[in-house]
Amino acid sequence: PEQGCLSIVVLGASGDLAKKKTFPALFNLYRQGFLQPSEVHIFGYARTKISDDDLRDRIRRHLVHGKEASSSHSEDVEKFLQLIKYVSGSYDDEGGFRLLDKEISEHEVAKNSQEGSSRRLFYLALPPSVYPSVCKMIRYHCMNRSDLGGWTRVVVEKPFGKDLSSAEELSLQLGELFNEKQIYRIDHYLGKELVQNLLVLRFANRLFLPLWNRDNIDNIQIVFREDFGTEGRGGYFDEYGIIRDIIQNHLLQVLCLVAMEKPVSLKPEYIRDEKVKVLKSVLPVEDDEVVLGQYEGYRDDPTVADNSNTPTFATVILRIHNERWEGVPFILKAGKALNSRKAEVRVQFKDVPGDIFKSKKLGRNELVIRLQPSEAMYTKLTVKKPGLEMSTIQSEMDLSYGMRYQGVTIPEAYERLILDTIRGDQQHFVRRDELKVAWEIFTPLLHRIDDGKLKPLPYKPGSRGPVEADELLAKAGYVQTHGY
Ligand code: BG6
């Protein structure tokens, strides 16, 4: 492990992302001993003029949860909060960043009396519009200058642009300031336990290896549902919509891991090479393989345009033009304000040829990987109905993590990804060329929606979304399972 002082700077420290995700993730890492007070200092940076204690008060609320409020937990919270210092300044002001650099350097001098190297991690919990100016400020005023090694790394999160050209523009701007090894583009789905399990499931199990192709798989669904609407984020959401918010990034990343070829080894670059390859094989999206929806009441939000054409629901079929997947629809579906909150991958196998049990009507084999809630993997199987008769029913082989791994706490995605950043492991981060191909896939479709050529269908909040989406699913070959 790398030695030396570690400074973590959270920019946008008083914003929502920082309070709800970044600081709680840092706290969890601290509790597990990954952030040692002898070497770590955390800086919050934002425009608001507040004191260290004001910031600590704002963060504290998000660290103390009802059931965990044991005295040892509260003690840890207080110790953790003491590691945080606040610096206020604007995002394009040299003065603020010089001050930040001074604070970091003082901390480095104090902690690094012997070992030497210094590590600086900048976490941009900020809207992307300020990425270029903030990155410039970091590059010119806050880089690690230790002669004894160390590094400077910058963590950024989507939206990386709105389409191919704006994303490329942003990549270019950041690329002039930092090299690819210094930029960590977070897609928090890559930090989820069952997303990380996908490569293990596929490449460490002989059971699935020979089946994972067009000869055996009929269709694959990657689904994200939320049972709440845009909730105070209407302004942001209306500009982006569900495809940019969920499908082009989170679901497409999952698709990569489900569909890519086996990497040469687990080296991050080899894995990311395979992801890029499979993305390059995705064909342009056809309009008749898209269903868009917008929930009723969405436009009542005062921050949403009255005539908004923004989809809050979308089902999009992607086709991968390669030897393994030709003819297998990848159905990506995401929606807000639906009937449940769930994210899962459904791999549906083809019917058994020459079926002697006449069990076809029961449904097909299906492997379901539930990313959340309640992580699980289960396989739908046809079995003999227990009893004297020879009849068949649909049943399941079930690996529910809550049951099988009782007592194991599954880490939060952000926790894992921040630790990866500290360790310098870029496997679970999006590479620049990967981002570019992801935009190439969706940009033409997004432009057709932005131009009003494709319109979302209304659906009732709390429903399954537009019925047309179910019809598209059936057309793509998905067979609903019955009778269990
Ligand atoms: C974010 C989206 O990236 O992911 C949100 O911007 C969405 O709209 C969230 O609610 C979902 O994340 P999770 O981890 O709760 O599935």
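Start at 1 and go down the list; that is how both ligands and their atoms are numbered.
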One finds that the ligand 1 atoms under 4.0 Å from a non-hydrogen atom of Lys336 are 5 (C), 7 (C), 8 (O), 10 (O)
Is Glu226 salt-bridged to Lys336, cutoff N-O under 4.0 Å? yes
List ligand 1 atoms under 4.0 Å from Lys192, heavy atoms only on the residue side. 13 (P), 14 (O), 16 (O)
Could you find the nearest protein heavy atom to atom 3 (O) of ligand 1 and give me its residue, atom name and distance? Lys158 NZ, 2.5 Å
Does only the side chain of Arg341 get under 4.0 Å from ligand 1, or the backbone, or both, or neither? Count heavy atoms. side chain
In terms of atom number and element, which parts of ligand 1 are under 4.0 angstrom from non-hydrogen atoms of Gln372? 13 (P), 14 (O), 15 (O), 16 (O)
Per-atom filter on ligand 1: closer than 4.0 angstrom to a heavy atom of Glu226 are 7 (C), 10 (O), 11 (C)
Once you restrict to heavy atoms under 4.0 Å, what part of Tyr189 touches ligand 1? Side chain, backbone, both or neither. side chain
Close approach, Phe224 and ligand 1, non-hydrogen under 4.0 angstrom: yes
Can Asp451 and Arg448 be counted as an ion pair, charged N to O under 4.0 angstrom? no
Answer yes when Glu239 and Arg244 have at least one side-chain N-carboxylate O distance shorter than 4.0 Å, and no when they do not. no
Exactly one candidate in Ile246, Val316, Ile247, Ile441 meets side-chain contact (heavy atoms from CB on, under 4.5 Å) with Leu252; the answer is Ile441
Determine yes or no for a side-chain-to-main-chain donor-acceptor pair under 3.5 angstrom, with Asn179 supplying the side chain and Gln182 the backbone. yes
Hey, which of Lys275, Glu269, Gln426, Lys436 is the one that makes side-chain contact (heavy atoms from CB on, under 4.5 Å) with Arg431? Glu269
min-distance protein heavy atom vs atom 12 (O) of ligand 1 -> His188 NE2, 3.1 Å
Show me which atoms of ligand 1 lie under 4.0 Å from any heavy atom of Asp245. 2 (C), 5 (C), 6 (O), 8 (O)
Quick check with a 6.0 Å cut-off and a 45 degree axis cone: is Lys192 positioned over the face of Tyr189's six-membered ring? yes
